[in-house]
Enquirer: 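Encoded as C-alpha cells, here's the structure I'll be asking about.
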Number of protein chains: 2
Amino acid sequence: MSRSHTHVPGEVIEQACPLVEVLDHVAGKWSISILVAAARGPVRFTELERAIEGISRRMLTLNLRRLERDGLLTRTVYPTVPPKVEYSLTAMAQELYSYLTGLVEWAERHSGAIAHARAAYDTAAAPADPPRSQPERGRAQVPASSP
Amino acid sequence: MSRSHTHVPGEVIEQACPLVEVLDHVAGKWSISILVAAARGPVRFTELERAIEGISRRMLTLNLRRLERDGLLTRTVYPTVPPKVEYSLTAMAQELYSYLTGLVEWAERHSGAIAHARAAYDTAAAPADPPRSQPERGRAQVPASSP
DNA sequence: CTGGATCCTAAAGGATACTG
DNA sequence: CAGTATCCTTTAGGATCCAG
C-alpha cells in the first residue's frame, strides 16, 4: 500500500493516526497469513511457502522482509550447507497475533452470513432478467422522511 | 484483492479457509477506516468523506458498496430533495469492530517500537557508505549450528 | 448531496529462471 | 534451501467530469 495520499509536497501529514500503522501490516493478502503461520514457533521458509497455499515465492519473500523490517518477525539464518532460515514472531507480534485470532474466529463465525449477504445482494442487483424492472440497485429501506 | 490464486480451471478451491474471508474485508487501505468511522452511529456519505482524510470519492463509494454487499454496512437512503444517505454497521460488523479496536489499540501501543525497528533495519541495511562493507543485508543472528 | 462513468498511473501480485 | 532478478498482468486507487 502506498504511503502518501496525494502527497501534498511540503506538508507531511503521515503518522497522524495509528490506523494507518495497522493497515500497513494487516493489509495485503499475505501479512496476516504469514503471522498466523509463523505463530506456532520457528518456521522455515519452505514450510511457510507450503502452509500458505497460493502465495508465490516472491510475495512470501517480500512480505517476510517487510514484517522483519517492522520488528514483527525475527529472521535467524543457520550457516549450514543447505542454508536454513527460521522465522518467529517477536513479542510485539505475538501480542498482535492474539488480536488476529479474534479476527479469524469472527470470520469463521460469520462466513456463512457473509456469503448469504453477498448472494442476496447480487441476486437483488443483477438478476439475468429483471421481471418487473426495479430501478433501485439496493433494496434501500426508506423510512419516513423527516425534513 | 483478486479472488482466485492461480485459479486452477475446473477445481475451485475458494472459500477453503476463513482467513481469506477476513483479509478481503480488512485488506485494502480503506475498509477498516470506514468501519471505524461508521461505528459511532449512522453516518452520511460526506461525513465519511471528510472523516477519512485522503480517501477519494470513488474509493469511498467502491468500499461502501463492497461492505454493504458483504452485509457489514446497511445503507439507508432518504428520498429528500437533496438526497441523504446514511450508513451504519450491522450487528455482525459491530462485533468485528470490537476486534478492530483491539488492533488499533495495539498499533498505538507499539507504533513507537515499530518506527524504531524500521529505522534500525534501514540503517543496518542501507548506510549511504558502508564503512567496512558488511555484505549481509540483515544482521542475522547466527546461533551455533547444530547439524 | 450522493454517487456513476471514464481515463490513467502506480502498486500488488504471479510465473519463471537463475544462484550461493 | 532460500532466496534474487526479470518480465508481465491485474488490481487498487486518484482525478475529473457528469447526473439524479
Side-chain angles (χ1 to χ4, degrees), chain A residues 1-8 20 23-24 26-31 33-34 38 42-66 68 73 75-87 125 135-138 140 142 145 147, chain B residues 1-8 20 23-34 38 42-50 52-68 73 75-87 125 135-138 140 142 145 147:
Chain A
M1 300 290 145
S2 61
R3 218 37 313 121
S4 81
H5 13 81
T6 310
H7 197 263
V8 186
V20 183
L23 269 31
D24 279 3
V26 141
K29 272 209 303 222
W30 306 117
S31 309
S33 300
I34 291 175
V43 170
R44 302 185 57 169
F45 186 89
T46 316
E47 291 184 87
L48 286 169
E49 194 176 6
R50 276 185 307 235
I52 287 181
E53 181 78 21
I55 195 170
S56 65
R57 184 114 83 257
R58 192 179 108 91
M59 277 301 109
L60 179 55
T61 303
L62 256 48
N63 279 282
L64 286 173
R65 291 288 169 277
R66 191 161 57 91
E68 186 197 358
L73 285 183
R75 176 173 178 271
T76 312
V77 34
Y78 301 82
T80 56
V81 55
K84 176 183 174 182
V85 179
E86 282 183 343
Y87 294 91
E136 301 304 316
R137 188 204 64 273
V142 180
S145 57
Chain B
M1 299 290 145
S2 62
R3 213 47 304 115
S4 80
H5 14 81
T6 310
H7 196 262
V8 186
V20 183
L23 269 32
D24 278 5
H25 305 290
V26 142
K29 270 207 304 222
W30 306 116
S31 309
I32 296 186
S33 300
I34 292 175
V43 170
R44 301 187 55 171
F45 186 89
T46 317
E47 291 184 87
L48 287 169
E49 194 176 6
R50 276 186 307 236
I52 288 182
E53 181 80 22
I55 195 171
S56 65
R57 184 113 80 259
R58 191 179 110 91
M59 277 302 111
L60 179 54
T61 304
L62 255 47
N63 279 283
L64 286 172
R65 291 291 166 275
R66 190 162 58 92
L67 292 170
E68 186 197 357
L73 286 183
R75 177 173 177 268
T76 311
V77 34
Y78 300 83
T80 57
V81 54
K84 176 182 174 184
V85 179
E86 282 184 344
Y87 294 91
E136 301 303 316
R137 186 203 67 273
V142 180
S145 56

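Here is the naming used below: chain letters follow the sequence lines, and residue numbers restart at 1 for every chain.
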Enquirer: To the nearest angstrom, how far is Arg44(B) atom CZ from dC1(C) atom P?
Expert: 8 Å
Enquirer: Just how far, in rounded Å, is P of dT16(D) from CE of Met59(B)?
Expert: 15 Å
Enquirer: Do Arg66(B) and Ser31(B) come close enough that some side-chain heavy atom pair is under 4.5 Å?
Expert: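 The answer is yes; the side chains approach within 4.5 Å.
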Enquirer: Atom CD1 of Ile52(B) and atom CD1 of Ile32(B): how far apart are they, to the nearest 0.5 Å?
Expert: 11.5 Å
Enquirer: Rounded to the nearest Å, what distance is computed from the CG atom of residue Leu64(A) to the P atom of nucleotide dC1(D)?
Expert: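 Result: 16 Å.
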Enquirer: Please tell me if Tyr87(A) has a side-chain N or O lying less than 4.0 Å from either OP1 or OP2 of dC1(D).
Expert: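 No, outside the criterion.
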Enquirer: Just jot down the side-chain contact (heavy atoms from CB on, under 4.5 Å) partners of Pro83(A), sequence neighbours excluded, or say none.
Expert: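 Residues passing side-chain contact (heavy atoms from CB on, under 4.5 Å) with Pro83(A): none at all.
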Enquirer: Could you state the CG-C1' distance from Leu60(B) to dA12(D), rounded to the nearest angstrom?
Expert: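 Rounded to whole Å, this separation is 15 Å.
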Enquirer: Glu68(A) has an atom CD; how far is it from atom C1' of dG3(D), in whole Å?
Expert: 13 Å
Enquirer: Starting at CD of Glu49(A) and ending at C1' of dT4(D), how long is that distance when rounded to a whole Å?
Expert: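 In whole Å, dT4(D) C1' lies 14 Å from Glu49(A) CD.
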Enquirer: Taking only distance into account, with no hydrogens and no angle test, what donor-acceptor pairs under 3.5 Å do side-chain atoms of residues 43-51 of chain A form with protein atoms, sequence neighbours excluded?
Expert:
from	atom 1	to	atom 2	distance (Å)
Glu47(A)	OE2	Arg44(A)	N	2.9
Glu49(A)	OE2	Arg57(A)	NH1	2.7

Enquirer: Side-chain N or O of Lys84(B) less than 4.0 angstrom from OP1 or OP2 on dG20(D)?
Expert: no
Enquirer: With a 4.0 Å cut-off on heavy atoms, is Arg57(A) in touch with a base, just the backbone sugar-phosphate, or nothing at all?
Expert: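 Since a base atom lies under 4.0 Å of Arg57(A), the category is base.
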Enquirer: With a 4.0 Å cutoff (strictly under), does any side-chain N or O of Arg58(B) reach OP1 or OP2 of dC7(C)?
Expert: no
Enquirer: Can you tell me if Arg65(A) touches the phosphate of dG3(D), counting only side-chain N or O atoms and a distance under 4.0 Å to OP1 or OP2?
Expert: yes
Enquirer: Please report, rounded to the nearest Å, how far the C1' atom of dG4(C) is from the CG atom of Asn63(B).
Expert: 16 Å
Enquirer: Please determine if a side-chain N or O atom of Thr46(A) lies less than 4.0 Å away from the OP1 or OP2 oxygen of dA2(D).
Expert: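 Affirmative; the distance criterion is met.
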Enquirer: With nearest nucleotides of DNA chain C determined for Leu62(A) and Pro82(B) from heavy-atom distances, which residue corresponds to the more 5′ nucleotide?
Expert: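 Between the two, 5'-proximity favours Pro82(B).
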Enquirer: Quick one: pull up CD1 in Ile34(B) and CG in Leu73(B) and give me the separation to the nearest 0.5 Å.
Expert: 7.5 Å
Enquirer: Of the nucleotides dA2(D), dG3(C), dG14(C), which has the atom closest to the Phe45(A) side chain?
Expert: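 So the nucleotide nearest the side chain must be dA2(D).
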Enquirer: Atom CZ of Arg50(A) to atom P of dG3(D): distance rounded to whole Å?
Expert: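 The distance from CZ of Arg50(A) to P of dG3(D) comes to 14 Å, rounded to the nearest Å.
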